[in-house]
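Reviewing the structure listed below.
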Amino acid sequence: MNINRDKYLNDLVNRMHNGMIKVVTGIRRCGKSYLIFTIFRNYLLEQGVDEKHIISIELDQRKDKKYRNPDTILDYIESRIVDDKQYYVLLDEVQLLEEFEEVLNSLLHIKNVDVYVTGSNSKFLSKDVITEFRGRGDEIHIYPLTFKEFMQVYEGDIYHGWAEYVIYGGLPLTVTMKTEEQKINYLTKLFEETYLIDIIERHRIDKIQELEDLVNILASAIGSLTNVPKIEATFRSVVQSNISGNTIRQYIEYLEDAFVINKANRYNVKGRKYIGTPLKYYFEDVGLRNARLGFRQIEETHIMENIVYNELRSRGYSVDVGVVEKRGVNREGKMERTYLEIDFIANLGSKRYYIQSAFSMPTEEKRLQEKASLVNVNDSFKKIILVKDVMNVTRDEDGITTMSIYDFLMKENSLEL
């Protein structure tokens, strides 16, 4: 099964020979090793790089176990460099290498060596891993399969593909599995036996039940505004736990550091400032989110919102939740302020888009409700409403574009339609 992941290949190609270590990060099982050892390696060979100038070491394999010793691996790599031409060093599961930070920094001093590494335990998955290389690391973050990537290998039409993707998400191995039982067992065990254990072991967490309860609370609340006090109240009322707000805050940071969840901060559009809490949390993969809840809470409206968030992030946008102030006169004739939510503000350089994930707008009242926040934004950036309905892209009298989720996800330039 071949899945083209052109964005990430381009990310690597654009960073070639930049004098930095290319560090591929991402949640476990999202395709980091496949990107380096299959896609990028094939690219190098197609560009005429001699196979002898590609030094590949898979540190989790028995045959390469000896290279976990720092001196052994350095001696081996240096022995492979026999001329002045460019060499490419590809290291997988680099966290298994003793003193790996020192080894990688040593490789930076070899002029004709370009280094690419991946890793997948909680230490290496941490967002602060780049600091280990004293500013000489260049991160490429890889996400689970987008819907478009998923559809490259899904055997069915786009509508059945969506139904599958909403439930089981985009971890590459799930696409190859033939039965629902296989997918459910894989995702459930992966969350329990890999992601949580990584976090527990790295941070030496003893309140394991509280961590699991927190994951369940966050999974149930995707797309909803929340904050630590609200979560703390839920612990007290629902699970009868007195876990402190500081511990909750710390556990959320651990989940973010391992890329299990991501947060979207609230931004006041007219005030041009961040508000702080409450904010929203989304899961890096909706299949993992569903597995955590035993596939019992498949609310397609909220999951679609999570998918839209992940799609924007995978395209390189920073994503916030928008708040826009509306002023008007109430029934008593007094001036009144109300605050309306915009699902997403997506920013990339000079580009900005305001996006509502509406799912459906069956009535005029619903359409006006979804538009309300967008029409109160007083700037010229594009405003978009996404719906699940199959429809042509339209633009109304207020300049608001409405498009199908399928067009948004499947067309590379969909935000410009």
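Just so you know, these numbers come straight off a predicted model, no measurement behind them. Any value given below was found using the heavy atoms of this structure, including those in side chains, with hydrogens, waters and symmetry copies removed.
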Inset, instruction - Kindly write out the residues that satisfy side chain to side chain contact (heavy atoms under 4.5 Å, CB included) with Lys178, not counting sequence neighbours, or none if the list is empty. - result: Glu155, Gln182

Inset, instruction - Please name all residues satisfying side chain to side chain contact (heavy atoms under 4.5 Å, CB included) with Asp60, sequence neighbours left out, ordered by chain then number. - result: Glu58, Asp92, Glu93, Leu96

Inset, instruction - Identify, with sequence neighbours excluded, every residue that meets side-chain hydrogen bond (donor to acceptor under 3.5 Å, both in side chains) alongside Asp114. - result: Lys22, Tyr116

Inset, instruction - Sorted by first residue and then second, give each ring pair (Phe, Tyr, Trp, His ring centres under 6.0 Å) pair with at least one member in residues 234-255; sequence neighbours left out. - result: His203-Tyr254

Inset, instruction - List for me each residue that meets salt bridge (Lys or Arg N to Asp or Glu O under 4.0 Å) alongside Lys411, sequence neighbours excluded, and say none if there are none. - result: Asp407

Inset, instruction - Scan residues 296-310 for pairs that pass salt bridge (Lys or Arg N to Asp or Glu O under 4.0 Å), counting only residues two or more places apart or in two chains. - result: Lys280-Glu305, Arg289-Glu299, Glu300-Lys388

Inset, instruction - Please identify each residue that fulfils side chain to side chain contact (heavy atoms under 4.5 Å, CB included) with Asp157, with sequence neighbours left out. - result: Tyr159, His160

Inset, instruction - Write out all pairs satisfying side chain to side chain donor-acceptor pair (under 3.5 Å) with one or both partners inside residues 35-44, taking only residues at least two apart or from two chains. - result: Arg41-Glu51

Inset, instruction - Sort and list the pairs that fulfil salt bridge (Lys or Arg N to Asp or Glu O under 4.0 Å) and have at least one residue in residues 354-380, not counting sequence neighbours. - result: Glu364-Arg367, Lys366-Glu370, Arg367-Asp396, Lys371-Asp396, Lys371-Glu397, Lys371-Asp398, Asp379-Lys383

Legend entry - Check: Ile57 main-chain N/O paired with Asp64 side-chain donor or acceptor under 3.5 Å: no

Legend entry - salt bridge (Lys or Arg N to Asp or Glu O under 4.0 Å) against Lys66, all qualifying residues, sequence neighbours excluded: none

Inset, instruction - If the plane angle is over 60° it's perpendicular, under 30° parallel, otherwise tilted; pick one for Trp162 and Phe147. - result: perpendicular

Sequence neighbours excluded and cut-off under 3.5 Å, please list the side-chain donor-acceptor pairs for residues 206-215, or say none.
from   : atom 1 : to     : atom 2 : distance (Å)
Gln209 : NE2    : Asp213 : OD1    : 3.0
Glu212 : OE1    : Arg292 : NH2    : 3.3

Legend entry - Set of salt bridge (Lys or Arg N to Asp or Glu O under 4.0 Å) partners for Arg236, sequence neighbours left out: Glu232

